[in-house]
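Throughout, a chain's letter reflects where its sequence line sits, starting with A, and its residues are numbered from 1. Hydrogens, waters and symmetry mates are skipped; everything else that's a heavy atom, side chains included, is used.
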Amino acid sequence: MTAAPAVRRRARTRAGLADRDGFLAWALLLPSVVYIVALVGVPFLLAVAFAFSDVTTGDPSFDFVGFRNFTEIFHDGVFWRALVNTLVFTGASMVLIVVFGKILANVLVADFHGKWFVRFLVLLPWTTPVALSTISWLWFLDSIYSPVDWVLRHAGLISGNVVWLGRPWTAMGSVVAVQAWRLTPLAAVIMMAGLVAIPRDIDEAARIDGAGFWRRMFEVTIPLTLPVIAVAGLFGAIMTFTDMTVPYVLTRGGPTHSTDVLASWAYFRGIEGGDVGQGAAIALFLFPLLLAGAVAILRAVRRLEPQ
Amino acid sequence: MADPLDIPDPSRHGLGAHPPTGHGLSRRGFLSSTALAAGGYGVLAACASESSGPEAKATGKAPKEVFSSPASKLGGSLSILMWSHFIPRHDKWFDRFLADWGKRVGVKVRVDHINTVDVPRRAASEIQAGKGHDLIQHIAPFSQYEPSVLDMADVVQEANRRWGQQLELCRKSSYNPNTKHFYAYCPGWSPDPGDYRKSMWQKAGMPNGPASWDDLLRGATEIKKTTGVPCGIGLSPETDSNMAARALLWSFGGSVQDENERVAINSDATVAAVEYMAHLFKQAETSEVFSWVPASNNQALIAGKSSYILNSISAWRTAMGTNRTIGDDIFFTPALRGPKAALAAQHVIQQWIVPKYSPNAAAAKEFLLHYTANFPAVTYNSELYDLPGWPSLVPQLNGWLDADPYGAKPANKLSLLKSATSWSANIGYPGPSNPAIGEIFNTNLLPTMFGRAARGQASPRRAVADAERQIDAIFKNWRGRGLVGG
């Protein structure tokens, strides 16, 4: 009998902590803060230090070498090729992500039966681990057993296999398509949030004034959601710019470096080749461009905030 | 309207009870469901495991294992990081073999098998962290780790004393002549013969497959013309294409470096090899050779979509387990003869390193000697995939190659491997496998050089000159660290 009030008191203390918004907010935020500091902040500072050092995978001792690593990578033709590929990969993916994200967002805000199931399916590419989904695409685009080729052959569109990953342009097209497939759901969800925030009366007023679907789309919906579209596009661009998983798993940068991006080339030089200093210098080249992207995102977000 | 994240009042529902509502989700409910889901995912992830491939049935008698007591009393523990062998039988045997040794010498042992492509990055992170496995094994030269690993000269000396001279191929893949250090211990290797479909080559008038690169060009062109089946010499950024590039280069008289580790890639011989590859691609191959991963040429050969590939015997062993008819149609050739030589790169080279951070180096070295002493069992349980670095250790080898214990048809299908050491070379040939050679290998510089000319992106001479610039920079870089001579 005497134990019951004590148990109740303990339970109340627990409930009290869980119910305090201030405590809970920090408790939930803390893992993210620790994660960002430990897995983004510290590696970033290490990468800066490595880029000015002669560290190798087999020799962690740090010797300062100034700008030598940068000078050497600037004399490497593959580095410039990877830079151009990164810009093509990012630009093309971003266009596809924004266009398909907008279309998907429009579909997702519409009312129809089975909407939740469709939303679930649309989000799948985003929620599946990237390495796993890219390996599935590697099988889909296999030079011998590609089901994509099988369907196209049976539809009479091709006679032999396309060999998607064996030709420079189809290989680049494939990595762009897979990246767009992967990131479109995220863009769609961001844009959906923008769409549902548009007051219904504006749309209704446009309808009463006789505006059709396309006119409302281009003169009402898109202008009102432009900041959100920009955020979705910039998120897609930054996540593509730094990504090496899709090119690495699908093509390992081939054929003949035609899909090597800065991140994958940094990995090849730094980890597989053993020259951590040069790998870090290549990876660090992403930073100024990413910084500009991040500033653009923050400014776009600020425009969305109520004045 | 009720807030779905409203906190339930315990006084209304009892201690810790949740409101019996079907709408929304309480905050506490959300937290506990998340915890449960995370736990469930962890359990599922822990239950997941890799499945093994098919195994050939052994018809011979397994060799008897030997044990000799360590030079000094051992204790403590020994952890090993190594690849998941292409032949699943090997890993089953190895795990039991290691456990038995641990029990006998009083060392607590553990082995982690991981995908071979993950070994370098895992080794790199452990060495950077200064903590990890006591013994790491990889199947390609690990020369870049020299500053952070123990010199294995004492183990090699002891092995030489017990079993005679080590194969030159293994020595050149584990010894740095500039620092005079054995950065790795190399007790075994695997050759890289040509694998061909006999039924296809018979129709092209070469029932024994091609003997030279000229034969390959003629025969493969003929097969592609008549049956549409292409040749499968890879030009992709992957291991097998790297091996093929070296075989072709050396057979034409070219090489990346000379015996004194001076860059030698830009030569007429290299240009001739690149020209040859451009012809072979245009006449006998398709773009698929640019898209391959290491398993692709195996799949193509087994699927009847390739007439000839360069690979180890594992593709054939797999076919023996899955489709005997196809397995029986796959035959092997030694290195193809070129204008200057008939050479192939080793397919796998065992590299065992002991990082300097290891507190159990004595146990690691003793285990390596015990493992080497039992190389007959290694060769047998790898289904003749791993050949010994000290040939005297496996006197049964020629008998097994003449009468395959796993049921090859004909039984002497692998007999050409008896002379494999005479037509195989380390990847740094004619010099050692130094870190510059390793970086060139791992950044796929040679397949790219051949591929650019084959694609018509550059003339053969230009492709070679561009490769030379990159190779020069890599050599200069490692030379500055004192790990490469010249």
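Using a 4.5 Å cut-off between heavy atoms, B/Gln128 touches chain A through backbone and side chain atoms alike. Within the 4.5 angstrom heavy-atom criterion, only side-chain atoms of A/Asp76, from C-beta onward, approach chain B. With a 4.5 angstrom heavy-atom cutoff, B/Ala300 touches chain A via backbone and side-chain atoms both. Only the side chain of B/Asn477 comes within less than 4.5 Å of a heavy atom in chain A; its backbone stays farther off. The contact between A/Thr251 and chain B is made entirely by backbone atoms, counting heavy-atom distances below 4.5 Å. A/Trp164 does not touch chain B: none of its heavy atoms, backbone or side chain, sits under 4.5 Å away. Only the side chain of B/Gln457 comes within contact range of chain A, judged by heavy atoms closer than 4.5 Å.
Taking the six-membered ring for Trp and the full ring otherwise, B/Tyr145 and B/Tyr183 have centroids separated by 6.0 Å or more. The distance between the ring centers of A/Phe285 and A/Phe79 falls below 6.0 angstrom. Taking the six-membered ring for Trp, A/Phe52 and A/Phe70 have ring centres closer than 6.0 Å. Aromatic pair B/His138/B/Trp352: centroids not less than 6.0 angstrom apart.
Of the listed residues (A/Ile144, A/Asp260, A/Ile271), the greatest number of heavy-atom pairs within a distance under 4.5 Å of chain B belongs to A/Ile144. Note: B/Ser148 leads B/Ser148, B/Gly438, B/Ala454 in heavy-atom pairs under 4.5 Å with chain A. Of the residues considered (B/Lys305, B/Arg455, B/Glu146), B/Arg455 shows the highest number of contacts with chain A, using heavy-atom pairs under 4.5 Å. When the candidates A/Asn161, A/Leu165, A/Leu138, A/Asp63 are compared by the number of heavy-atom contacts under 4.5 Å with chain B, A/Leu165 comes out ahead. For the options B/Arg481, B/Gln299, B/Glu238, heavy-atom pairs under 4.5 Å to chain A are most numerous at B/Arg481.
Residues A/Tyr145 and B/Ala303 share a closest heavy-atom pair of OH-CB, 2.9 Å. When all heavy atoms of B/Ser143 and B/Asn434 are compared, the pair lying nearest together is OG-C, 3.1 Å. Residues B/Asp240 and B/Pro294 come closest through the heavy atom pair OD2-O, 3.1 Å. Smallest separation of non-hydrogen atoms from A/Phe89 and A/Val261: CD2-CG1, 3.8 Å. Pairing each heavy atom of A/Gln278 with each of A/Ile73, the nearest pair is OE1-CG2, 3.9 Å.
With respect to the salt-bridge test (charged N to carboxylate O, under 4.0 angstrom), the residues A/Glu272 and A/Arg252 qualify. With respect to B/Glu285 and B/Lys224, no salt bridge is recorded, no charged nitrogen being found less than 4.0 Å from a carboxylate O. Using a 4.0 Å cut-off between charged nitrogen and carboxylate oxygen, B/Asp472 and B/Arg469 do not count as a salt-bridge pair.
Identified by a heavy-atom distance below 4.5 Å to chain A, the contributing residues of residues 440-449 of chain B are B/Asn442, B/Thr443, B/Asn444, B/Thr448, in residue-number order.
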